[in-house]
Novice: 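Here it is: the structure, laid out below.
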There are 2 protein chains.
Amino acid sequence: MAREPRKPSDPEEAAFLAAYDPTVFPRPSVAVDVVLLSAPQNHLHTVVVRRNEHPHRGRWALPGGFVRMEESLDAAAIRVLEAKAGLRQVYLEQLYSFGQPHRDPRTRVIAVAYYALVDHERIRPPAGSAEVTSARIVVPWEGETGGPVKLVSATGTALPLAFDHAEIVGTAVKRLRGKLDYSPVGFQLLGETFTLFELQRVHETVLGRPVNKDSFRRRQLASGLLEATGEVETGVGHRPAELYRFRRRAI
Amino acid sequence: MAREPRKPSDPEEAAFLAAYDPTVFPRPSVAVDVVLLSAPQNHLHTVVVRRNEHPHRGRWALPGGFVRMEESLDAAAIRVLEAKAGLRQVYLEQLYSFGQPHRDPRTRVIAVAYYALVDHERIRPPAGSAEVTSARIVVPWEGETGGPVKLVSATGTALPLAFDHAEIVGTAVKRLRGKLDYSPVGFQLLGETFTLFELQRVHETVLGRPVNKDSFRRRQLASGLLEATGEVETGVGHRPAELYRFRRRAI
DNA sequence: AAAATAGTGTCTATGAGACACTATAGT
DNA sequence: ACTATAGTGTCTCATAGACACTATTTT
């Protein structure tokens, strides 16, 4: 998707570009915010950062940052992920852009939201600096209704979200629920190998409802996307399940 | 989705906001571009405007405009639709944001793209001013592969697109193809009443492939979203089909 | 042995596709 | 009468859900 700047071969156009003054109209700020989703223990989680500055001091915000002038939107999201969660090489997709005029009280900020999926074990908040945590998402709607969600800490206390970030996380959950039906993204929330039941639990966690075990197994095995490792899980008090990995290609 | 600016009740926060200087960091421009799709005569069309200014003078661009400081993204898209195509009350949805650093050679412009669906008959380009036309879209890929498309005029000549707009139109077609399978949006491309076969032709036009007549009829009639008008079409050289309208609710 | 989940095989209900047949307009 | 499409009825095939049954581990 890299796009080179077009070289003006026409001298008239070159003169036009040289005379163009980009400062005559007021411009909004543009930020990226990343909804970093993981699915530990049958709950959807997202990473949030406690705000130590105004506005919304004390509330929790999505990892984010302003887009730099020589940086693509995707690159900005990747930079934020690395800085706030120590992550590279994760599933990342643009979600939606949020641009209500006063969503940020400081100035006009348009947020291009992304969502990322990752095995919960891989999240490594950076030492020191900001207070970063992974919080459980409570989805107060079913299916793909949409709307804001709530965040709850490990101890069960509510974590109030800053700005319109509850709406952004809700949009991410809605998108992921829709995507799960026709796209193989569930395994992005798991480690390298996993059992079919673990994959099923991830789907149930995302969708917020039970899924039929028999047809789930059949569909997954018939998809051709799973590869048996020959290994089985260990240490479980029942017949061990076979471990699978996802075939790397065409994702 | 309207969001009131948060009133800072904390005096310390109020002081912070008053001291905040929004001009210290360079900011990109933010524009909205609208892919206005219609489906006359078994072809997807989109509205484009001939550029009379540099850059890309002589090429064709999507209707667009810069987002104003006190205007939401949706409001900007609605304003553009009214100004360039004389349209109000059309199906409109945010598509994707495009932000490669040099996609516009003048300065950094981030485009929040929208797509709109409308009955082709309703498009009314404004008199005078810009050269506005509705051009046929040639999709050089199948299914939801994605990628840039080409535009062709009524006389069959290619209309070269400015900036990354071929990619944006391609993204709109891809999105619409995906949406058509699980969401009742096809009727947005038709007039108030229509026959089942007209609706089927719209689906085939969007999807770029034939659809099964029998199961299409069954699905549409079983969906409960269609309402028979009791009227039939006239002036056709065969048994006239019944006219339906879409039930207004839950869209 | 008991408990618990893995995994197989089979029956049924549902929806898509295919096809035959009838209905009704214009020419 | 002929042509073209509308609309109905029925058969088949693929897939989801349900359920019975066997397999294999820890306790």
Side-chain angles (χ1 to χ4, degrees), chain A residues 41-42 142-144 177-178 180-184 186-187 190-191 193-246, chain B residues 41-42 142-144 177-178 180-184 186-187 190-191 193-246:
Chain A
Q41 296 152 6
N42 301 345
E142 291 187 358
E144 293 175 47
R177 283 187 178 179
L180 210 51
D181 288 335
Y182 65 89
S183 180
F187 76 96
L190 292 167
T193 64
F194 48 85
T195 68
L196 286 175
F197 188 54
E198 285 171 337
L199 184 59
Q200 179 182 341
R201 274 207 319 248
V202 161
H203 278 239
E204 292 177 331
T205 298
V206 170
L207 297 175
R209 61 171 176 79
V211 307
N212 183 276
K213 175 192 164 187
D214 304 81
S215 63
F216 182 81
R217 287 179 62 88
R218 253 185 317 217
R219 249 185 302 121
Q220 294 299 329
L221 291 173
S223 72
L225 297 169
L226 294 184
E227 190 175 46
T229 62
E231 313 268 302
V232 294
E233 60 181 344
T234 56
V236 290
H238 52 79
R239 173 173 173 180
E242 181 151 24
L243 290 167
Y244 291 84
R245 79 164 55 85
F246 260 88
Chain B
Q41 295 151 8
N42 301 345
E142 291 188 357
E144 293 175 47
R177 283 187 178 180
L180 210 51
D181 288 335
Y182 64 91
S183 180
F187 75 96
L190 292 166
T193 64
F194 48 86
T195 68
L196 285 175
F197 187 54
E198 285 172 336
L199 184 59
Q200 179 182 342
R201 274 207 320 246
V202 161
H203 278 240
E204 291 177 331
T205 299
V206 170
L207 297 174
R209 60 171 175 80
V211 307
N212 184 275
K213 175 192 163 187
D214 304 81
S215 63
F216 182 81
R217 288 179 62 88
R218 255 186 315 216
R219 248 185 301 120
Q220 294 299 329
L221 292 174
S223 73
L225 296 170
L226 294 184
E227 190 175 47
T229 63
E231 313 268 301
V232 294
E233 60 181 346
T234 56
V236 289
H238 52 78
R239 173 174 172 178
E242 181 150 26
L243 289 168
Y244 291 84
R245 79 165 53 87
F246 260 87

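As a basis for the values below, the full set of heavy atoms in this structure was taken, side chains included, without hydrogen atoms, waters or symmetry mates. Letters A, B, ... are given to chains in the order of the sequence lines, protein chains preceding strands, and every chain is numbered from 1.
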Novice: Taking atom types as they are modelled, would you say the side chain of Arg218(A) forms a donor-acceptor pair with the base of dG7(C) within the 3.5 Å cutoff?
Specialist: no
Novice: Want to settle it: does Arg219(B) or Asp214(B) sit nearer the 5' end of DNA chain C, counting the closest nucleotide to each?
Specialist: Arg219(B)
Novice: Can you measure Glu233(B) atom CD to dA25(C) atom P for me and round it to whole angstrom units?
Specialist: 11 Å
Novice: Starting at CD of Glu242(B) and ending at C1' of dA23(C), how long is that distance when rounded to a whole Å?
Specialist: 14 Å
Novice: When the distance from CG of Asn212(A) to P of dT12(C) is rounded to whole Å, what number comes out?
Specialist: 18 Å
Novice: Which of parallel (below 30°), tilted (30 to 60°) and perpendicular (above 60°) describes Phe216(A) and His203(A)?
Specialist: perpendicular
Novice: For Phe246(A) together with Phe194(A), are the ring centres under 6.0 Å from each other?
Specialist: yes
Novice: Phosphate oxygens OP1/OP2 of dG7(C): is one of them under 4.0 Å from a side-chain N or O of Arg217(A)?
Specialist: yes
Novice: Take the protein atom NZ of Lys213(B) and the nucleotide atom C1' of dG17(C), then report the distance between them rounded to whole Å.
Specialist: 13 Å
Novice: Find the distance Arg201(B):CZ to dA4(D):C1' and express it as a whole number of Å.
Specialist: 14 Å
Novice: In this structure, how many angstroms lie between the C1' atom of dA6(D) and the CZ atom of Phe216(B), rounded?
Specialist: 15 Å
Novice: Heavy atoms from C-beta onward define the side chain here; which of dG17(C), dT5(D), dT8(C) lies closest to that of His238(B)?
Specialist: dT5(D)
Novice: Report the distance from atom CZ of Phe197(B) to atom P of dA6(D), rounded to the nearest whole Å.
Specialist: 6 Å
Novice: Rounded to the Å, how far apart are Leu243(A) CG and dG7(C) C1'?
Specialist: 15 Å
Novice: Could you tell me whether the side chain of Arg239(B) has a donor or acceptor atom within less than 3.5 Å of a complementary atom in the base of dA25(C)?
Specialist: no
Novice: What nucleotide, of dT8(D), dT25(D), dG7(C), holds the atom closest to the side chain of Pro240(A)?
Specialist: dT25(D)
